[in-house]
Amino acid sequence: MVQVTERDLAMVEWLGVVRLAEVDAIRWALGAMLGSAEPISTRKAQHWIMRMVEAGLVARARPTFQGASIVWATHDAVGRQPPNLFRQTTRHEVAVATVSARYLALGYTWQRDRRPISILDHQADGIATREGRAELVEVELTAKSTQRYMHIYENYSTRLAREGVSRVAYYCTADADRVVSREADRFIFRTERQRLVSTIAFDERGHWIGNSLSLTASFSSCSVVQDAND
DNA sequence: AGTGAAATACAGGAGAATCT
DNA sequence: AGATTCTCCTGTATTTCACT
């Protein structure tokens, strides 16, 4: 019989929030649940997945069109329908989970953003919170149109200025990073501009290429900028 | 102390991508 | 095409851990 611990349940709950994750993200999230900022080994993560599959809490598949196995929490575990792995947005969701797991490892909690409250509102890919500071997180594997950035940034400017959002962080491919930054320069007023940061974290195939420190690195560069302006 | 589950380590296999 | 390399996944033996 498989033993299910508190940590296992916390992991499954997180999987329910992000919907999908690949093994690499599981490594980071499990490390985080052990109180570590480092990922556990791949083998260990795979054993965990096998145990959870046996317990009926997690399901797994390896679509041939992409490298790693995709893992999700079963309907029994979280009461949500299993994700469709063949949708266009699946790669994006997997990438969001990859970023989310690294936030967990840094001691953040992770939630979904609120549903849009108006036609002009924009829903981020997630909210990472630590010590009362909430950060909106976006994963951008392909750049959107200029028009859409105008709307999204207008919305983010408001949330930064009036809704207690401390920062907006983009994790991008090289191409998307260029556009995200350029459009931010155009559309975000200078008093808020420094609080939107973008880093190159994925290659064109959607594989994580940021190092484990890239989140913290962007934090420190952000605070340096703020100090300089204070 | 004894038992079963989990962690760990190492060897190896399948499949895709790349090279010649 | 065939060989090679790479990445991700699996089998299994051994050690560690948790519980009664």
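All values below come from the heavy atoms of this structure, side chains included, with hydrogens, waters and symmetry mates left out. Just so we're clear, the structure is a prediction, and the values are computed from it rather than from any experiment. Letters A, B, ... mirror the listed sequences (proteins, then strands); counts begin at 1.
Taking A:Asp121 as the reference, A:Arg114 meet the salt bridge (Lys or Arg N to Asp or Glu O under 4.0 Å) condition, with sequence neighbours excluded. Every residue two or more places apart in sequence or in another chain that forms a salt bridge (Lys or Arg N to Asp or Glu O under 4.0 Å) with A:Glu183 is listed here: A:Arg186. The side-chain hydrogen bond (donor to acceptor under 3.5 Å, both in side chains) test applied to A:Arg112 returns no partner, not counting sequence neighbours.
Phosphate contact (OP1/OP2 of B:dT8, side-chain N/O of A:Lys44, threshold under 4.0 Å): present.
For the pair A:Arg62 CZ and B:dA16 P, the computed distance is 9 Å after rounding to whole Å. Taking atom CD1 on A:Ile49 and atom C1' on B:dA6, their separation rounds to 15 Å, with Å as the unit. One interatomic measurement links the two molecules: NE2 of A:His47 to C1' of B:dA9, which rounds to 10 Å at whole-angstrom precision. Rounded to whole Å, atom C1' of B:dA6 lies 14 Å from atom CH2 of A:Trp48. Atom CD of A:Gln46 and atom P of B:dA7 are 14 Å apart (whole Å). As a whole-Å value, the separation of A:Asp8 CG from B:dA6 P is 8 Å. In this structure, the CD atom of A:Glu54 is 9 Å from the P atom of B:dA5, given to the nearest Å.
Residue contacts for A:Arg51: at a heavy-atom cut-off of 4.0 Å it reaches the sugar-phosphate backbone alone, with no base atom in range.
Looking at which nucleotide of DNA chain C each of A:Met50 and A:His207 is closest to, the 5′-most match is held by A:His207. Residue A:Arg7 is the one, among A:Arg43 and A:Arg7, whose nearest nucleotide of DNA chain B lies closer to the 5' end (criterion: closest heavy atom).
Judged by distance alone, the side chain of A:Ser118 and the main-chain N or O of A:Leu120 form a donor-acceptor pair under 3.5 Å. Checked by atom type and distance alone, the side chain of A:Gln123 pairs as donor or acceptor with a backbone atom of A:Asp113 at under 3.5 Å.
Inspection of the A:His47 and A:Arg43 side chains reveals an N or O donor paired with an N or O acceptor under 3.5 Å.
For DNA chain C, the outermost nucleotides in 5' to 3' order that have an atom under 4.0 Å from a heavy atom of chain A are C:dC8 to C:dT12.
The shortest heavy-atom contact between A:Ala161 and A:Glu192 is CB-OE2, 3.8 Å.
In this structure, A:Ile188 belongs to a hydrophobic cluster whose other members, linked by side-chain heavy atoms under 4.5 Å apart, are A:Ile127, A:Leu136, A:Tyr149, A:Met150, A:Ile152, A:Tyr153, A:Tyr156, A:Leu160, A:Val165, A:Val168, A:Tyr170, A:Val179, A:Val180, A:Phe187, A:Leu196.
Relative orientation of the A:Trp110 and A:Tyr103 rings is tilted, given thresholds of 30° and 60° on the angle between their planes.
Comparing the end axes of the helix from B:dA1-C:dT20 to B:dT20-C:dA1, each fitted to five base pairs by superposing C1' atoms of four pairs onto the next four, gives an inter-axis angle of 10° (nearest 10 degrees).
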